[in-house]
Colleague: 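One structure follows; several queries about it will come next.
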Amino acid sequence: MKILVISDMVSPYYWDFFNKNKLKDIDCIISCGDLHPEYLSFLATFAHGPVFYVRGNHDGMYDRKPPEGCISIEDRIEVFQGIRILGLGGSMRYHPNLTHQYSEKEMRTRVRRMKLPIMRKKGFDILVSHAPARGLGDGDDLPHQGFQIFRNMLDAYEPKYFIHGHVHLNYNSGEQRCRSYGKTTIINAFERYVFEY
């Protein structure tokens, strides 16, 4: 299965130079947040499979205008072709007036609420978030700091993939797109990346 992951920046490859054949081999699209709803709706129009999304810390507009034809996986597990996909969007809280920001304690509460659904599904295969895990591709500054609870989830459930955005790869030319942590492959979905599950 080919999965396209996207986050944080509209890709000129799809938006400016679009050709529907570019999506013909893509089985599903996963958005890790901070993308305009029109962009997700545009991709959903041409995609052969579903477009799943979580919210980024700048996606307050989704409350008023959610992406059409797309499926929110916030705080739930979606099963697609036997693959269990768990979504937890948002970032570390750094501004009191922005939505979809959480303290470590608040994110732990969200994860605790997912414990029963995770047990019912016997785990999950892909963890999708906007923010990274603490110490695994996050930043030193509070806005780009990752959540420790995500790292704990990787330790406890060992999903095959953890996909996040939020840390732009153009911030630092040495930043890794992919890394391994235990049995999990971590992918930074900045702009666009295709992988095979």
Side-chain angles (χ1 to χ4, degrees), residues 1-74 76-91 100 124-133 136-137 144 159-180 184-197:
M1 176 188 300
K2 276 194 179 174
I3 300 176
L4 166 64
V5 292
I6 54 177
S7 185
D8 297 288
M9 186 177 107
V10 169
S11 174
Y13 178 78
Y14 294 114
W15 188 250
D16 295 340
F17 309 106
F18 182 72
N19 177 331
K20 65 182 179 181
N21 288 330
K22 292 178 179 179
L23 292 174
K24 70 176 181 160
D25 295 329
I26 302 298
D27 295 295
C28 78
I29 299 172
I30 299 174
S31 170
C32 295
D34 281 359
L35 289 166
H36 288 288
E38 293 85 1
Y39 180 56
L40 297 189
S41 298
F42 169 77
L43 292 174
T45 301
F46 298 101
H48 299 289
V51 177
F52 302 114
Y53 71 92
V54 296
R55 297 171 193 235
N57 55 302
H58 298 296
D59 287 335
M61 69 190 96
Y62 285 22
D63 294 330
R64 300 182 306 279
K65 185 179 181 184
E68 293 179 12
C70 303
I71 301 164
S72 172
I73 54 171
E74 284 287 350
R76 64 192 207 86
I77 299 174
E78 180 75 28
V79 179
F80 176 67
Q81 293 188 12
I83 297 171
R84 301 158 298 175
I85 307 169
L86 168 60
L88 290 163
S91 75
H100 311 298
F124 53 92
D125 304 298
I126 302 177
L127 173 59
V128 178
S129 70
H130 181 61
L136 297 172
H144 297 98
K160 193 165 177 64
Y161 291 98
F162 171 43
I163 303 164
H164 70 84
H166 196 48
V167 178
H168 297 206
L169 293 178
N170 57 4
Y171 287 169
N172 177 354
S173 60
E175 185 59 44
Q176 291 176 262
R177 165 78 74 180
C178 301
R179 68 183 75 225
S180 294
T184 303
T185 299
I186 299 172
I187 300 173
N188 183 333
F190 176 71
E191 189 190 335
R192 67 182 169 94
Y193 184 74
V194 176
F195 71 97
E196 199 144 347
Y197 187 101

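Quick caveat: nothing in here was measured; it's all calculated off a predicted structure.
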Colleague: Among residues two or more places apart or on two chains, list those pairs meeting salt bridge (charged side-chain N to carboxylate O under 4.0 Å, His left out) that have a residue in residues 4-21.
Modeller: none

Colleague: With sequence neighbours excluded, tell me which residues meet ring pair (Phe, Tyr, Trp, His ring centres under 6.0 Å) with Y161.
Modeller: F195, Y197

Colleague: Just how far is it from atom OH of Y14 to atom OH of Y39, taken to the nearest 0.5 Å?
Modeller: 7.5 Å

Colleague: Given 3.5 Å as the limit, does a donor-acceptor pair link the side chain of S91 with the main chain of A131, or not?
Modeller: no

Colleague: Just wondering, do F52 and S31 contact through their side chains at under 4.5 Å, heavy atoms?
Modeller: no

Colleague: Donor-acceptor pairs under 3.5 angstrom involving side-chain atoms of residues 61-68: please list them, not counting sequence neighbours.
Modeller:
unit_1 : atom_1 : unit_2 : atom_2 : d
Y62    : OH     : L35    : O      : 2.4
D63    : OD1    : R55    : NH1    : 2.5
K65    : NZ     : E38    : OE2    : 2.7

Colleague: State the OG1-CD1 distance between T185 and I126, to the nearest 0.5 angstrom.
Modeller: 10.5 Å

Colleague: With sequence neighbours left out, what residues match S11 under side-chain hydrogen bond (donor to acceptor under 3.5 Å, both in side chains)?
Modeller: E191, R192

Colleague: If I take atom CZ from residue R76 and atom CD1 from residue I85, how far apart are they, to the nearest 0.5 angstrom?
Modeller: 10.0 Å

Colleague: Work out which heavy atom in G165 is nearest to a heavy atom in S7; give both atom names and the distance.
Modeller: CA-OG, 3.3 Å

Colleague: With sequence neighbours excluded, tell me which residues meet side chain to side chain contact (heavy atoms under 4.5 Å, CB included) with V54.
Modeller: I73, E74, V128

Colleague: Enter the distance from I186:CD1 to S180:OG here, rounded to the nearest 0.5 Å.
Modeller: 8.0 Å

Colleague: Taking only residues two or more places apart in sequence, or in another chain, which ones meet D27 in a side-chain hydrogen bond (donor to acceptor under 3.5 Å, both in side chains)?
Modeller: none

Colleague: Not counting sequence neighbours, which residues clear side-chain hydrogen bond (donor to acceptor under 3.5 Å, both in side chains) with N188? List them please.
Modeller: none

Colleague: Evaluate L40 against I29 for side-chain contact (heavy atoms from CB on, under 4.5 Å), listing each step before the verdict.
Modeller: CA-CA 9 Å; L40 297 189; I29 299 172; 5.9 Å; no

Colleague: Show, in sequence, the C-alpha distance, side-chain angles and deciding distance for Y193 and I163, and conclude whether the side-chain contact (heavy atoms from CB on, under 4.5 Å) test is met.
Modeller: CA-CA 10 Å; Y193 184 74; I163 303 164; over 6 Å; no

Colleague: Using the test side-chain hydrogen bond (donor to acceptor under 3.5 Å, both in side chains), find all partners of H130 that sit at least two apart in sequence or belong to another chain.
Modeller: D34, N57, H166

Colleague: In Å, rounded to the nearest 0.5 Å, how long is the span from CD1 of I30 to SG of C70?
Modeller: 12.5 Å

Colleague: What residues, two or more places apart in sequence or in another chain, satisfy salt bridge (charged side-chain N to carboxylate O under 4.0 Å, His left out) together with R177?
Modeller: none

Colleague: If you look only at distance, which donor and acceptor atoms sit under 3.5 Å apart when one is on a side chain in residues 43-51 and the other is two or more places apart or in another chain?
Modeller:
unit_1 : atom_1 : unit_2 : atom_2 : d
T45    : OG1    : S41    : O      : 2.9

